[in-house]
Amino acid sequence: MQESSELLQWYDRNHRELPWRTSPVRQKSGAKPNAYHVWLSEVMLQQTTVAAVKDYFTRFIRRWPCLEDLANSDLDDVLKEWAGLGYYSRARNLHKCAQHVASVFSGEFPSSEKELLDLPGVGPYTAAAITAIAFNKHAAVVDGNVERVLSRLAALETPLPTLKRPVKDLMGQLTPKDRPGDFAQAVMDLGATVCTARNPACGLCPWMQRCQGRLTGIHESLPRKRPKKAKPTRYGAAFVIKQKDGAVLLRKRHAKGLLGGMSEVPGTDWRVSSAAPSCVTAQEWVQWAGAGDGAAKDEALSLPFKGLSLEMPETMSLCAEPVKHTFTHFHLYLQVFCCELEYGLNLPENCWWSLPNALAGEALPTVFKKALRAAQCL
DNA sequence: AAGCCGGGGTC
DNA sequence: GACCCAGGCTT
């Protein structure tokens with residue numbers, strides 16, 4: 001196939017050295033990709049850019065050099081290393097997958113797309129990527145970059161998500177038997193650096209001459225997609241409770257759902273509202289947030305400190321501006337309060353004191369790091 | 001098929 | 001500051 005060799009030549013000329021890649025040159029002299037590295041990088045790269053992943057990948061490999069090391073690790077340590085990377089269910093599935101491969105497959109990843117698809121956290125994209133990149137077997141690798149590049153190349157005007165099927169078919173036809181892994185990475189690199197969503201650098205594209213989208217002038221509007229829903233705004237309060245030694249009270253979140261299994265500072269629920277509530281004191285925030293759903297009303301006053309023998313301290317005071325943070329499907333305004341507390345509080349199982357030098361290493365999602373910065377603890 | 005899951009980049 | 005990006009799991 002003419003077009004695949006054109007792109008592979010471009011890839012060889014523009015190859016990016018990345019910590020998880022085995023370059024075409026090294027493969028030619030017999031080096032085999034490391035399936036553990038390929039799998040880890042592909043999971044990290046789900047919905048995440050190369051720039052954001054690089055340092056996380058290096059730290060993971062340094063700490064857990066092989067799959068068995070990761071399988072034998074504590075989930076809490078994995079969540080700490082993952083903190084800040086987002087989509088935390090990936091970290092939980094990563095740990096589960098490592099244990100599964102270690103026990104069921106003796107630590108060796110299966111090399112068929114079908115078996116890979118059964119692993120936790122491995123979907124159609126990742127299964128195909130591991131098959132092609134780690135094992136050099138034919139597979140149609142389709143991620144967002146591939147959807148964009150191929151929908152433009154063939155001027156496919158079918159909107160997402162229906163577009164997925166024709167793109168998968170086309171990718172299967174274009175992928176060469178010879179270097180399926182390099183070809184998949186070439187298309188994805190092209191999408192990330194040349195055939196970008198906005199202002200594509202068509203002049204640098206090895207496929208410019210045969211790009212049907214560009215020929216007809218519709219390339220920048222591809223791929224077509226459904227209009228997206230507006231995000232609601234939620235409001236809530238977070239409470240930074242400190243001791244004299246600077247230790248901050250942290251709590252472990254529920255294992256599933258939003259920021260599942262991660263750590264947090266205690267706080268109210270985050271309640272949807274069309275306008276900011278006119279709350280001033282911490283007590284007012286607790287009442288307002290607790291009034292959100294009728295069932296929890298009775299518990300409203302104790303909600304932020306559930307399980308703790310603690311009333312809302314008189315000294316709980318506002319710190320600076322509210323923290324703003326945007327999640328996948330809502331905006332959040334988080335009012336941060338702080339206070340200092342005497343020693344001797346009885347803590348339940350899911351709470352602990354984190355000293356200043358330990359705080360940065362906790363499994364804290366970005367929103368709570370912002371809150372701790374607002375309270376000048378980080 | 002549609003909703004649930006972060007964080008970073010661009011303009 | 002508004003908007004864009006987009007893989008796996010769950011329902």
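The figures here come from the full heavy-atom set of this structure, side chains too, leaving out hydrogens, waters and symmetry mates. In what follows, every chain begins at residue 1, and chains take the letters A, B, ... in the order their sequences are listed.
Taking the C1' atoms as reference points, dC5(B) lies 14 Å from dC5(C), given to the whole Å. Nucleotides dA6(C) and dG3(B) place their C1' atoms 14 Å apart, quoted to the nearest Å. A gap of 16 Å separates the P atoms of dG6(B) and dT11(C), to the nearest Å.
Looking at which nucleotide of DNA chain B each of Leu259(A) and Arg226(A) is closest to, the 5′-most match is held by Arg226(A). Residues Val122(A) and Thr328(A) both approach DNA chain C. Their nearest nucleotides, taken by heavy-atom distance, put Thr328(A) toward the 5′ side. Heavy-atom distances to DNA chain B give each of Pro161(A) and Thr326(A) a nearest nucleotide, and the one nearer the 5′ end belongs to Pro161(A).
For dG7(B), the OP1/OP2 oxygens have a side-chain nitrogen or oxygen of Thr366(A) closer than 4.0 Å. Considering only side-chain N and O atoms, Tyr87(A) lies nowhere under 4.0 angstrom from the phosphate OP1 or OP2 of dA6(C). For Lys231(A) and dC3(C), the shortest distance from a side-chain N or O to OP1 or OP2 is not below 4.0 Å. OP1 and OP2 of dC5(C) both lie 4.0 Å or more from every side-chain N or O belonging to Asn145(A). Contact annotation: His325(A) side-chain N/O to dG7(B) OP1/OP2 distance is under 4.0 Å.
If you measure from atom CE of Met262(A) to atom C1' of dG7(B), you get 12 Å, rounded to the nearest angstrom. Following rounding to the nearest Å, Leu85(A) (CG) and dA6(C) (P) show an atom-to-atom distance of 17 Å. Protein atom NZ of Lys256(A) is 9 Å distant from nucleotide atom C1' of dT10(C), rounded to whole Å. If you take CG of Asn199(A) and P of dG9(B), they are 17 Å apart, rounded to a whole angstrom. The distance between atom CZ of Arg148(A) and atom C1' of dC5(C), rounded to the nearest whole Å, is 8 Å. Nucleotide dC9(C) holds its P atom 12 Å from the CZ atom of Arg90(A), rounded to whole Å. In this structure, Leu150(A) atom CG and dA6(C) atom P are separated by 13 Å, rounded to whole Å. Between the CH2 atom of Trp82(A) and the P atom of dG7(B) there is a distance of 12 Å, given to the nearest Å.
In this structure, Arg271(A) fails the cation-pi test against Tyr235(A), since its NZ or CZ atom is not both closer than 6.0 Å to the six-membered ring centre and inside 45 degrees of the ring normal.
Nearest to the side-chain atoms of Thr126(A) among the listed nucleotides dA6(C), dG7(C), dC5(B) stands dG7(C). Nearest nucleotide to the side chain of Arg198(A), out of dG6(B), dC4(B), dC4(C): dC4(C). For His329(A), the side-chain atoms get nearest to dC5(B) when compared with the rest of dG7(C), dA6(C), dC5(B).
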Chi angles and distances behind the ring-ring contact (aromatic ring centres under 6.0 Å, His included) call for His325(A), Tyr333(A): CA-CA 7 Å; His325(A) 191 77; Tyr333(A) 277 78; over 10 Å; no
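Between the side chains of Gln283(A) and Trp288(A), no donor-acceptor pair is found at a separation under 3.5 Å. No side-chain N or O of Glu340(A) forms a donor-acceptor pair with one of Thr315(A) less than 3.5 Å apart.
Nucleic acid contact for Lys225(A): sugar-phosphate only, since backbone atoms but no base atoms lie under 4.0 Å from a heavy atom of the residue. Tyr125(A) comes within 4.0 angstrom of the backbone, heavy atoms only, and of no base. Across all strands, Gly260(A) comes closer than 4.0 Å to no nucleic acid atom at all (heavy-atom distances). Among the atoms of the strands shown, none is found under 4.0 Å from any heavy atom of Arg92(A).
Remark: Glu342(A) engages Lys244(A) in a salt bridge (Lys or Arg N to Asp or Glu O under 4.0 Å) (not counting sequence neighbours).
More than 12 heavy atoms of other residues, nucleotides or ligands sit less than 6.0 Å from atom CD of Glu284(A). For Arg210(A), the CZ atom counts as densely surrounded, since its 6.0 Å shell holds more than 12 non-hydrogen atoms of other residues, nucleotides or ligands.
Note on residues 106-154 of chain A: pairs passing ring pair (Phe, Tyr, Trp, His ring centres under 6.0 Å), not counting sequence neighbours, are Trp39(A)-Phe109(A).
Between Trp20(A) and Phe57(A), the two ring planes are perpendicular [angle over 60°; tilted spans 30° to 60°].
The stretch residues 42-64 of chain A comes close to DNA chain B through Gln47(A), Thr48(A), each having a heavy atom under 4.0 Å from the strand.
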